[in-house]
Structures are given as structure tokens and as C-alpha cells.
Amino acid sequence: MDSTQILQVSHHNIALLPPPGFIGHLIPFIELAKKLVFHHNCTVTLIISDYGSPIKLQTSLLRGIPATISPIFLPLVPTADLSENLNAEILLQTRLIRSLPSLRDALSRAPASALVVDLFAPYAIDVARELGIPAYVFYVVASNELSLTMNLPELKKSFTFGNVENPELVYLPGSLLLNREDFPDSLTDSEVNKWTIDLREKYLSAEGILVNTFQELESAAFEHLELLRPGIPPVYPVGPSIRTGLETETDREPECLKWLDDQPPKSVVFVSFGSGGSLTVDQIRELALGLELSGHRFLWVVRSPQENAAAAYLKGIDQRNPLECLPEGFLERTEGRGLAVALWAPQIRVLSHDSTGEFLTHCGWNSILESAVYGMPLIAWPLCFEQKLNATVLTDGLKGAMRVRENENGIVERENISNVVKQLMEGEEGKQIRKRMIQLKIAAGNALSRDGSSTLALAQVVHNWTTRTK
């Protein structure tokens, strides 16, 4: 589709359904909505499921969105009958399924030309079909993960799910080898695996799958997905969709940005584990002492400790002061060279700042895309979900990161942290990683240009929506 056709669409309403609770999924949905409004002359109904947790960050994300994006909040669904130990993904899925009657009512009141659902919400496709609305999935994480999910039937023939003693390996597109320790839960947890198979079957009923990535970032994965056609819906890379606009919790300039202004160019290690990532008390201590041992400047977003990193994503933000969990004397010993801030920092502005030289990340997909857009070299420290898969792609495939490693007790030790920070900042491998990330920065810009691969892919999707025979 030629780019001159992009602005010819007129006033179609598109309904978007992000999942409840996952801020990291809400961000790309909001950015997709903005693209539909600004570049395709659509209106958007953003349907948000309430899940009863603190919504301060969610409210800040929705603040200032265009008037042509209308949020609708579905009522809170009952969950008192569910086990407190229920897997985070299963809990999320249950909440979404129980919201379907409210979704049906919302779509009946606000008719849409298309419904775009989150990768966790494909059961909503059935509701769209009842109402005669074309439904698409927005896969807000890596296409490598989508490729793995779509290939699960073949994997099941030779893979014993849930057997932690099974030594088998999995090959990813591009001849990457995924070790057992880096398998996502969809391969190692029998309950999550069954859930993933169910989701996959629902994906197959969608009319298309949008992915928040770009062709040049995951070309091998897209080649593999194309080989699976026509057995799967068409796949459209429409990213990177990263946060734009207002990125502050108050009207005041964050102190951490003022601190960055006083640091030398490319000298600061930015440390953040995303909107929900958390560490144990022991791991926070090792990270602090590792940063101190490295001798390099750092800006660290500290969160309160949690024993279960995955469960923390749905619990909301612990408002206690996490700086109290740092080792005694750490802040005094690193004063001037390092800055620890509680709970939050404006990540986009930090990554784009001249003083930031590397990013220690949990390998959440939003953080990876933001790093690609700004050409930021990475230290990979995955915690849960598909993050270890992302880390393998980053380090072994894209050659854009160095990785920390856990010891036999599951702890990343201070010496390992210090060595990786210094190697990326000072060593020859670090120089090569910097060059690679600059190449990805250029590729991301090209993908989003007027005639770029992602721009044209989204234009094709909107064309499908708006020319569909009713």
C-alpha cells in the first residue's frame, strides 16, 4: 500500500482492549491509539478493565490523550473465589473472561469498525464475532515469542512440558539456541502451557495480528511466521510504539534529570526493572554493592523487595520507601557518583539524555524498544515471563547486550554485576554493542518513516478495516 493513501481514511471508530493491570501493555495500546487518531483520521474507544488496584500510573498515562480517544472503564469483576496463589497469567485471564459481558454491552453502545485485543484477551474475539466486528490481536511483545507460541503444536511432539529435568533445547528463528534456563513459562509450566495453547487457538480466529516491533529488529522471526501461513492469520509489524508525550508524575522537573544534567556524557548506568519488576532483599543488596564496586556513575530506580517477581506485576506499587532496604552506608559512600530514586523515573527522558551511557534492564519489551529507538547499549537482567527469551535474542541474536548470570542459588553476585558494567562501559565488546545499537536506532527510525515498513503495515491494516464490506 502506497503511503499517499494513509490519510484518506475518514472517521472510523476503532475499539482497543488492553489487559487489566499490566501498565507495560497499556502503553503501546495508547500509542497505537494516537497513531490511529493522528495519522489515519480515526476515533478510538479505549476499553479498560478495572481490577481494583492502585491506578495512579494508569491515570497519568491517560492524562492528556486526544479527545478523539475515549476511555471506557468496565466494572470490577468479582475475584474473591480465586486462590491467592493463582498464577499471574491465569488470574489475568480469568478477570478478562469475567469482563466479557460488560465488553459486549460497551461495544453495543459504541459501535466499532474493528476490535483490537491484547494478547492476553483473545476470548474477546468471540464477542466481536457475535456483533459482526472484525477482530485483531495486538501482540505487544516480541515476534520471536509469537513465533514460539505459533509453533507450540510442533514443539509438543518432542518436548515434555513441565519436566524440569528434560535437557532438550529449542531453536528460535535465525538459528538461535534457547537453553532450558531461558524457556518462557509457556514451555516449562504445565498449567501455563495449557493456557498458552488455548490462547493460540483463539489467535487463529483473528483476522490479523499486529506486533509491536519492526521488521529489521526481528527479520528471522517474521520469515518463520510467514512460513506458517496460511495456517495462521497475517502478521503486521507496526512498531516500535513507545511512550510519547507527558512523562512525569507531577508538574515539577524530576530531580534525577537535574542530576543527569551535571554528569559527563555517556557516563551513567541507568538501572530500572520496569513498571512491575522487583528483586528480593538479598538481590537488592548484591546489586547495590555491585554498582558501588564498579566505580561507575549510576541512576537506580529502586523498588520495594518482593520474593516473587511475576506476582509483583499484578499487586500494584508498594508505596513504602524502598531506599530503606539499601545496605547501610551505601547512599553515603556513593553520594555524588550515584543516585538512587524511589519507585519511578521518566525512563524515556533518561534513555534519551546525553549523560546516560548504558541501561541495565529486566528485558521487558517496552524497555527493549525504547533502547533501540535511542541506540542505548544494554545489560540484560531478565526476571520472569518471556524476559529470558528476550535476553537470549538481545545477546546472541542482535548482539546488542551483555548479560549478568545467576549463581547456583539464583543470585546475581556483586562481582558479576561490577564486571559487566565495566566491560560494557570500557571494553572492546562494549564498543561493538554500542555500534550495533546505533544501527538499530537508524533502522527503527526508518521503519517509522513515511514509507517505512511499520508505517505501511499499519496503513494496510487500517485500509482493511475501513474498506470492509458491512
Side-chain angles (χ1 to χ4, degrees), residues 21 23-24 53-60 84 88 247-250 252-260 262-263 268-347 349-350 355-356 358-362 364 367 379 381-384 387 404 406-407 409-418 420-421:
I23 296 299
S53 69
I55 59 171
K56 181 179 180 181
L57 183 54
Q58 176 175 281
T59 301
S60 71
E84 293 184 359
E247 198 197 7
T248 177
E249 292 194 329
T250 69
R252 294 177 297 176
E253 183 81 350
E255 289 296 323
C256 63
L257 295 180
K258 299 177 183 178
W259 181 84
L260 277 175
D262 295 332
Q263 308 309 312
V268 176
V269 184
F270 178 48
V271 181
S272 177
F273 293 90
S275 60
S278 59
L279 305 175
T280 65
V281 172
D282 290 343
Q283 187 60 85
I284 288 175
R285 174 179 175 80
E286 287 299 308
L287 174 53
L289 297 179
L291 292 172
E292 181 179 355
L293 186 61
S294 76
H296 282 283
R297 293 174 172 83
F298 63 86
L299 170 59
W300 179 10
V301 180
V302 186
R303 292 186 175 275
S304 298
Q306 298 278 354
E307 291 302 315
N308 186 327
Y313 277 84
L314 290 177
K315 287 185 175 180
I317 296 175
D318 188 334
Q319 297 296 335
R320 294 176 301 170
N321 183 4
L323 302 186
E324 296 175 357
C325 301
L326 297 174
E328 185 177 355
F330 168 74
L331 293 176
E332 291 75 16
R333 294 192 301 272
T334 58
E335 186 176 4
R337 176 169 66 82
L339 179 65
V341 297
L343 302 176
W344 180 86
Q347 182 161 300
R349 297 181 68 183
V350 172
S355 295
T356 307
E358 59 187 58
F359 179 21
L360 193 161
T361 173
H362 67 310
S367 292
I379 296 174
W381 187 330
L383 299 178
C384 55
Q387 294 162 12
V404 299
E406 297 177 349
N407 64 17
N409 297 316
I411 294 290
V412 181
E413 297 175 334
R414 67 193 72 173
E415 293 81 8
N416 182 224
I417 297 166
S418 173
V420 173
V421 167

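What you see below is based on every heavy atom in this structure, not just the backbone, and it leaves out hydrogens, waters and symmetry mates.
The nearest pair of heavy atoms linking V302 to P322 is O-CG, 3.1 Å. Minimum heavy-atom separation, Q283 to I417: NE2-CD1, 4.4 Å. Of all heavy-atom pairs between T280 and P305, the closest is C-CB, 4.0 Å. Across Q306 and S278, no two heavy atoms sit closer than the pair CB-OG, 3.1 Å.
Distance check: L339 CG to L331 CG gives 9.0 Å after rounding to the nearest 0.5 Å. Here the OG atom belonging to S272 is positioned 7.5 Å from the NE2 atom belonging to H362, to the nearest 0.5 angstrom. In this structure, L257 CG and S355 OG are separated by 10.5 Å, a value rounded to the nearest 0.5 Å.
The aromatic rings of W381 and F273 stand perpendicular to each other, their planes meeting at an angle above 60°, with 30° marking the opposite boundary. Ring geometry for W300 versus F330: interplanar angle over 60°, hence perpendicular rather than tilted (30 to 60°).
No donor-acceptor pair closer than 3.5 Å links the side chain of R297 to the backbone N or O of L260.
Applying the salt bridge (Lys or Arg N to Asp or Glu O under 4.0 Å) test to pairs two or more places apart or on separate chains, those with a residue in residues 286-295 are E286-R414, E292-R333.
Residues passing the salt bridge (charged side-chain N to carboxylate O under 4.0 Å, His left out) test with E406: none are found, sequence neighbours excluded. Residues satisfying the salt bridge (charged side-chain N to carboxylate O under 4.0 Å, His left out) test with R337, not counting sequence neighbours, are none.
Within 6.0 Å of atom CD in E335, 12 or fewer heavy atoms from other residues, nucleotides or ligands are found, so the atom counts as exposed in its surroundings.
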